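All values derive from a computational prediction rather than experimental measurement.
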Amino acid sequence: MGAAMRRIHVGNALSAFGLGFTVPYLYVYVAQVRGLGSVTAGLVLAVFAVAALIVLPFAGRAIVRRGPLPVLLVALVTAALGALSLGLSASAATVLLSAAALGAGQAVMQPALATMIVDCSTAETRSRAFAMQFFLQNLGLGVGGLIGGHLVDTTKASSFTLLFAIEAAMFLVLVAVMATVRTPRAPHVGEAPGQSAGGSWKQLLGNRAMVQLCVLGFVLFFACYGQFESGLSAYGVEAAGISTSALGTALAANTLMIVIAQFAVLKFVERRKRSRVIAAVGLIWAVAWAVAGYAGLGHGSQAMATAAFISTYALFGLGEAMLSPTLAPLVADLAPTGLAGQYNSAFALVKQLALAIGPAVGGPLGASLHAPYIVVFTLFSLGITVLAVRLGRQLTDVQNQPSLARSRVVTQGGTPADAVAAAEA
């Protein structure tokens, strides 16, 4: 990795650390510590999703026109102000406004950082760069949540103020780190003949492969990430009798699987067609839902149910480790020159939409309709496999399997530049 990529990865880790530092405790902070009630606490969590949905379309256009670094710095300052004010807020209005600023800033960070990874990587190194990003994000989330949990005290509002102040300071440190990044100058849309930032959304919607990838991405995030802390946890507690400590162990198993498997599966993923890798993830997650079904509906011992439930989260982690070097690089490869920021923001928008709808649908279903919940999300996982196979028909050979570009160098005896140029042509 070059110096720029190292700083970008530090940025990913620190932004994830800040997120894990406070978000798990937002509900308790608003509802109990500030005494604003469960309704306001629920609204705060909803504001995070709504703020992301509002700003991401504009973020994509700003990244295209101004570049990812200026957009990232503005997002970091906004998130820092939101975090600091959230720690000092005592009324519902100020809490909601602060949450909106923090949510908007955090939402814009991800496509900006992803675009910087695209600018600082090549087709050959991109999968590994995004795998490293995902690894550091999960590590940052885990470490942040662990440290934050030891700092908070529900009887002292000052402990939460300290928590949010540290998060704000972390974002400002990240501003100083990222301001030193010097990325290769990527072409802007306005510099290309016949293109404009205003028409970039129309161009994106006209890309059938990207539209299909967005549909697939929605199903992926809806059926997995959108269930972790809502439907699946409610199902585990209500149907399988899982204790809160076992639920924490299951979440830890998910993170541990990602940390262990991320680089172990990387070589396997790099040599396979991306559409087949995603299709395999759908099958793995279908098995995970079947195991969850056994945990809650199998009428076995409590120990067996707990073990099965923890295994469900671990299987989800295996699928996530396979997706991290696959999805984001594919989005980058589908983007025309100068539009990587637009495409990254669009995919982030789809993810946020799935994460907003997933808990709303899965929570009540997992808590009360146990068998239908398992059946529905098993079918969603199988749907991932079907959609991935269909997506593969829309991709070029090199988009679907970038390793083909490298193999042509050996087969034809040409230079790498010649092979890449031939593949792009």
task: For V211 and N207, run side-chain contact (heavy atoms from CB on, under 4.5 Å): C-alpha distance rounded to whole Å, both residues' side-chain angles, the deciding distance at 0.1 Å, then the answer.
output: CA-CA 6 Å; V211 171; N207 186 329; 5.7 Å; no
- request: Without swapping roles, check the side chain of Q262 against the backbone of M132 for a donor-acceptor pair under 3.5 Å.
  value: no
- request: Kindly compute the distance separating OG (S98) from CG (L81), expressed to the nearest 0.5 Å.
  value: 9.5 Å
query: Around atom CZ of R276, are there more than 12 heavy atoms of other residues, nucleotides or ligands at under 6.0 Å?
result: no
message: I want to know whether Y343 and F347 have ring centres closer than 6.0 Å.
response: no
task: Go through L232 and F309 one step at a time and tell me if the side-chain contact (heavy atoms from CB on, under 4.5 Å) criterion holds.
output: CA-CA 9 Å; L232 188 55; F309 193 73; 4.1 Å; yes
- prompt: Can you check whether P325's main-chain N or O pairs, donor with acceptor, with S127's side chain at less than 3.5 Å?
  reply: yes
Distance (rounded to the nearest 0.5 Å) between R208 CZ and R393 CZ: 11.5 Å
field: Mutual orientation of the aromatic rings belonging to Y29 and F164 [parallel < 30°, tilted 30-60°, perpendicular > 60°]
entry: tilted
message: Other residues, nucleotides and ligands only: do more than 12 of their heavy atoms fall within 6.0 Å of CZ on F58?
response: no
field: Spacing of M116 atom CE and H9 atom NE2 [to the nearest 0.5 Å]
entry: 11.5 Å
- request: Give the ring-plane orientation class for F218 versus F222, where under 30° counts as parallel, over 60° as perpendicular and anything between as tilted.
  value: parallel
- prompt: For R34 and T40, what are the C-alpha separation, side-chain angles and deciding distance, and is it a side-chain contact (heavy atoms from CB on, under 4.5 Å)?
  reply: CA-CA 10 Å; R34 291 301 183 185; T40 302; over 6 Å; no
query: Which distance, rounded to the nearest 0.5 Å, do you find between the CZ of F134 and the CG of L327?
result: 10.0 Å
- prompt: Do side-chain atoms of Q342 reach the backbone of L339 as a donor and acceptor pair under 3.5 angstrom?
  reply: no
query: When you measure from the side chain of T161 to the backbone N and O of G87, does any donor-acceptor pair fall under 3.5 Å?
result: yes
message: Quick check: closest heavy atoms across I63 and S345, and the distance to 0.1 Å?
response: CD1-OG, 3.9 Å
message: Please check: side-chain N/O of T94 versus main-chain N/O of S89, any donor-acceptor pairing under 3.5 Å?
response: no
message: If you apply the rule side-chain contact (heavy atoms from CB on, under 4.5 Å), what do you find for L86 with E167, and how did you get there?
response: CA-CA 11 Å; L86 191 58; E167 181 184 26; over 6 Å; no
- request: Quick one: pull up CG in N254 and CG in L315 and give me the separation to the nearest 0.5 Å.
  value: 10.0 Å
- request: Using modelled atom types only, decide if a donor and an acceptor are shared between the side chain of Y235 and the backbone of Y373 within a distance under 3.5 Å.
  value: no
task: Supply the atom-to-atom distance T326 OG1 to F130 CZ, rounded to the nearest 0.5 angstrom.
output: 11.5 Å
- prompt: Would you say the side-chain atoms of N400 pair up with the backbone N or O of K273, donor to acceptor, closer than 3.5 Å?
  reply: no
